[in-house]
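Report on the following structure.
Given the structure is predicted, the values throughout are model-derived calculations rather than measurements. Every chain is numbered from 1, with letters handed out A, B, ... down the list of sequences.
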Amino acid sequence: MPVTRIATLLKNGQPGTSINARGWVRTRRDSKNGFSFIELNDGSCMRNLQIVVENSVPGYEDSIRSVTTGASISVDGVLKESPGKGQRIELHATSLTVLGAADPQTYPLQKKGHTFEFLRDIAHLRPRTNTFGAVARVRNRISWSIHSFFQNRGFLYLNTPIITTSDCEGAGEMFQVTTLDLAMLARKQIESIDWKQDFFGKPASLTVSGQLEAETYATAIGDCYTFGPTFRAENSNTTRHLAEFWMVEPEMPFYDLEDNMALAESFIRTMVSDVLEHCAEDMEFFSQRIDPGVMARLETIRTKDFIRLPYTEAIEIIQRSGRKFDYAVQWGSDLQTEHERFLTEEHFGQPVILYNYPRTLKPFYMRCNEDGKTVRAMDVLVPGVGEIIGGSQREERLDVLVQRMGECHLNPDDYWWYTDLRKYGTVPHAGFGLGLERAVLLITGMTNIRDVIPFPRTPGHAEF
RNA sequence: UCCUCUGUAGCUCAGCUGGUAGAGCAGGCGGCUGUUAACCGCCGGGUCGUAGGUUCGAGUCCUACCGGAGGAGCCA
């Protein structure tokens, strides 16, 4: 008997076909007239398959009682048109097997009404809920879309190292990787660590970005992108930060900042379009249950050109707005979250790409403009999420790069291989980084980043 | 890390100005029903986050600690 996933059954299943369905019970309703309705979900889609089990089915009396919310079952039966409302077809069981019972006294998930906070504590079971099933499917589609976007443009998928010994871009605190016996070192109360004794012979960390390594391939084999886990040991506790998250980092030779912005915009638009096209049912759910404004926001992204605004003009807009902000802005100061929200959510009401930031605000590798004050950086800000992409044209001139390293208190010797790229056959190039989870937030309308990654890692939390 | 809020039954919450705990859902039992967040009735279930303190008396007030959430900083 063919095993068919419920998504396919509900779409293409024809009355009269004999099939097998397997999955997890969402709920059961009994009729004392001698049959039961089972709502079965197998994760392939939002909707459930309704199963009708007559008491004439072998073992009905024994097994139906353990068909409770959360139980796993396998059902053979025949598809029939459903006389009831709410479903085109339903499965009339000819045999029912309970694969695994779920004690209703202890099974934490109920038919309705759980907070995301509660579900976070049972992250191993929350994918069995509508919301987290939908998030998982949309996240999967976004990942697929990322690969197809770049592959369709001839980009090379590049795996940059997870473990690194370069403190690249000084982008925040890093997780140290060591095989040294810390407990023993603590007992010895030694004054300094002999890193030669460590696994790599020097301090090593988990990567905070694959950018610098990606540049080496971009300047050799052309357009490429990384897509992998990224780690930040910042003690940040917000709805937008994770200690472990997934980042996409394309890097393109011969691109200037304009090209970079165009690619970023096209990239986001493609992800949004793909999800709208392929996850319509899940998006319907997000629109109805999670964020009523999500569809309008995505439609704007899909159809309207992003605003491109130099940092200097952004400052002027904020200053002229007459709005009271907790933090005043002046040229040279970093934009606060409240300013970014004002720009993207209120003033423009759509994605905004800010570019040409003061050099003092940005890392050493961003290309200096001729004005001597700004660098060719760009941040893509979107409503509800804030910064979703950060990128820049890279500084390809060796002398300027080395000078900038000095300004940022970095030792060029530590980046010898990176400066070599400028020493030998340097080219203008650019790239950016997109936080996958922030993209999932944007597209689903979910508000907490901890709910769009299967097992979130945040300060004090690495359960599961 | 800072600021604010919060911690009462398995879950979601109520409990007003202090007088020793309630509802809905879930669970059990019974009834009804081609049902679909099913419905109706009954029943079981809580040392009110922890430790102190004020008081004749604390879920309710005070202090500390421990969870959780939101905002800020940092950034993707």
Could you tell me whether the side-chain ring of A:Phe245 sits stacked on the base of B:A76, using a centroid cut-off under 5.5 Å and a plane angle under 30°? yes
Distance between [atom1] atoms of [N] and [M] (Å, rounded):
| N | M | atom1 | answer |
| --- | --- | --- | --- |
| B:A26 | B:G68 | P | 29 Å |
| B:A72 | B:U55 | C1' | 40 Å |
| B:C16 | B:G7 | P | 12 Å |
| B:U54 | B:C62 | C1' | 7 Å |
| B:U50 | B:C42 | P | 32 Å |
| B:U6 | B:G15 | C1' | 16 Å |
| B:A69 | B:U12 | C1' | 15 Å |
| B:C2 | B:G45 | C1' | 41 Å |

Could you check how far [atom1] of [X] sits from [atom2] of [N], rounded to whole Å?
| X | N | atom1 | atom2 | result |
| --- | --- | --- | --- | --- |
| A:Phe118 | B:A26 | CZ | C1' | 11 Å |
| A:Arg28 | B:G34 | CZ | P | 17 Å |
| A:Arg26 | B:A38 | CZ | P | 12 Å |
| A:Ile122 | B:A26 | CD1 | C1' | 13 Å |
| A:Gln336 | B:C75 | CD | P | 11 Å |
| A:Lys85 | B:U35 | NZ | C1' | 12 Å |
| A:Leu442 | B:A76 | CG | P | 17 Å |

Using OP1 and OP2 only, check whether a side-chain N or O of A:Thr115 sits under 4.0 Å from B:U12.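 So the side chain of A:Thr115 is within the cut-off, an N or O lying under 4.0 Å from OP1 or OP2 of B:U12.
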With a 4.0 Å cutoff (strictly under), does any side-chain N or O of A:Thr238 reach OP1 or OP2 of B:C74?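 Answer is no, no contact under 4.0 Å.
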Identify whether any heavy atom of [X] sits under 4.0 Å from a base atom; if not, whether one sits that close to sugar-phosphate; answer base, sugar-phosphate or nothing.
| X | result |
| --- | --- |
| A:Gln87 | base |
| A:Gly84 | base |
| A:Leu242 | base |
| A:Phe116 | nothing |
| A:Ile388 | sugar-phosphate |

Mind checking what makes side-chain hydrogen bond (donor to acceptor under 3.5 Å, both in side chains) contact with [X], not counting sequence neighbours?
| X | value |
| --- | --- |
| A:Thr238 | A:His241 |
| A:Asp223 | none |
| A:Arg141 | none |

Using the six-membered ring wherever Trp is involved, compare the ring planes of A:Phe116 and A:Phe132 and label them parallel, tilted or perpendicular (cut-offs 30° and 60°).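 A:Phe116 vs A:Phe132 ring planes: perpendicular.
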Just say parallel, tilted or perpendicular for the rings of A:Phe325 and A:Phe342, cut-offs at 30° and 60°. perpendicular
Scan every strand shown for a Watson-Crick or G-U wobble partner of [N], both distances under 3.5 Å, and answer none if you come up empty.
| N | answer |
| --- | --- |
| B:G67 | B:U6 |
| B:U36 | none |
| B:A26 | none |
| B:A14 | none |
| B:U54 | none |
| B:A72 | B:U1 |

Nearest-nucleotide wise, let me know which of A:Thr447 and A:Ala243 is further upstream toward the 5' end of RNA chain B.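 Counting from the 5' end, the first nearest nucleotide belongs to A:Thr447.
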Any ion pair linking A:Arg126 and A:Asp451 (charged N to carboxylate O, less than 4.0 Å)?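 A:Arg126 and A:Asp451: salt-bridged.
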Looking at A:Arg137 and A:Glu281, does any basic side-chain N land under 4.0 Å from a carboxylate oxygen?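 Looking at A:Glu281 together with A:Arg137, the answer is no, because their closest N to O distance does not fall below 4.0 Å.
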Which heavy atom in A:Ser18 sits nearest to a heavy atom in A:Val78, and how many Å separate them?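 Looking at all heavy atoms of both residues, the closest pair is OG-CG2, 3.8 Å.
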Return a single string for nucleotides 28-33 of chain B, one symbol per nucleotide in 5' to 3' order, where B is base contact, S is sugar-phosphate-only contact and - is none, cutoff 4.0 angstrom on heavy atoms. -S--BB
Which residues, if any, of residues 39-56 of chain A bring a heavy atom under 4.0 Å of RNA chain B? A:Glu39, A:Gln50, A:Val52
Of the options B:A76, B:A72, B:C11, whose atoms approach the side-chain atoms of A:Glu387 most closely?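 That would be B:A76.
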Tell me whether the side-chain N or O atoms of [X] pair up with the base of [N] as donor and acceptor below 3.5 Å, since no angle test is needed here.
| X | N | value |
| --- | --- | --- |
| A:Arg29 | B:C39 | no |
| A:His241 | B:C75 | yes |
| A:Glu338 | B:G71 | no |

Result block: side-chain N/O donor-acceptor pairs under 3.5 angstrom for residues 454-464 of chain A, not counting sequence neighbours:
unit_1: A:Arg457; atom_1: NH1; unit_2: A:Glu463; atom_2: O; d: 2.9
unit_1: A:Arg457; atom_1: NH2; unit_2: A:Phe464; atom_2: O; d: 2.8

Residues forming a side-chain contact (heavy atoms from CB on, under 4.5 Å) with A:Gln350, sequence neighbours excluded: A:Thr300, A:Lys304, A:Ile307, A:Phe348
With A:Glu407, which residues qualify under side-chain contact (heavy atoms from CB on, under 4.5 Å), at least two apart?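 For A:Glu407, the residues satisfying side-chain contact (heavy atoms from CB on, under 4.5 Å) (neighbours in sequence not counted) are A:Arg359, A:Gln403, A:Arg404.
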Under-3.5 Å N/O pairs linking protein and nucleotides 66-69 of chain B:
unit_1: B:G68; atom_1: OP1; unit_2: A:His461; atom_2: NE2; d: 2.7
unit_1: B:A69; atom_1: OP1; unit_2: A:Arg120; atom_2: NH1; d: 3.0

Salt bridge (charged side-chain N to carboxylate O under 4.0 Å, His left out): pairs with one or both residues in residues 91-108 of chain A, sequence neighbours excluded: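 Every candidate salt bridge (charged side-chain N to carboxylate O under 4.0 Å, His left out) pair involving residues 91-108 of chain A fails, so no pair, neighbours aside, qualifies.
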Do the two ring centres, one from A:Phe35 and one from A:Tyr60, sit under 6.0 Å apart?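 Between A:Tyr60 and A:Phe35, which both carry aromatic rings, the centre distance is not below 6.0 Å.
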Contacts under 3.5 angstrom, residues 64-72 of chain A side chains, donor-acceptor by atom type, not counting sequence neighbours:
unit_1: A:Ser66; atom_1: OG; unit_2: A:Ser63; atom_2: O; d: 3.0
unit_1: A:Thr68; atom_1: OG1; unit_2: A:Ala102; atom_2: O; d: 2.9
unit_1: A:Thr69; atom_1: OG1; unit_2: A:Arg26; atom_2: O; d: 3.0
unit_1: A:Ser72; atom_1: OG; unit_2: A:Gly100; atom_2: N; d: 2.9
unit_1: A:Ser72; atom_1: OG; unit_2: A:Gly100; atom_2: O; d: 3.4

Which atom pairs, one a donor and one an acceptor, fall under 3.5 Å between side chains of residues 435-442 of chain A and the rest of the protein, sequence neighbours left out?
unit_1: A:Glu437; atom_1: OE1; unit_2: A:Trp246; atom_2: N; d: 3.1
unit_1: A:Glu437; atom_1: OE2; unit_2: A:Arg139; atom_2: NH1; d: 3.0
unit_1: A:Glu437; atom_1: OE2; unit_2: A:Arg139; atom_2: NH2; d: 3.0
unit_1: A:Glu437; atom_1: OE2; unit_2: A:Trp246; atom_2: N; d: 3.4
unit_1: A:Arg438; atom_1: NE; unit_2: A:Arg240; atom_2: O; d: 3.2
unit_1: A:Arg438; atom_1: NH1; unit_2: A:Glu387; atom_2: O; d: 2.8
unit_1: A:Arg438; atom_1: NH2; unit_2: A:Arg240; atom_2: O; d: 3.0

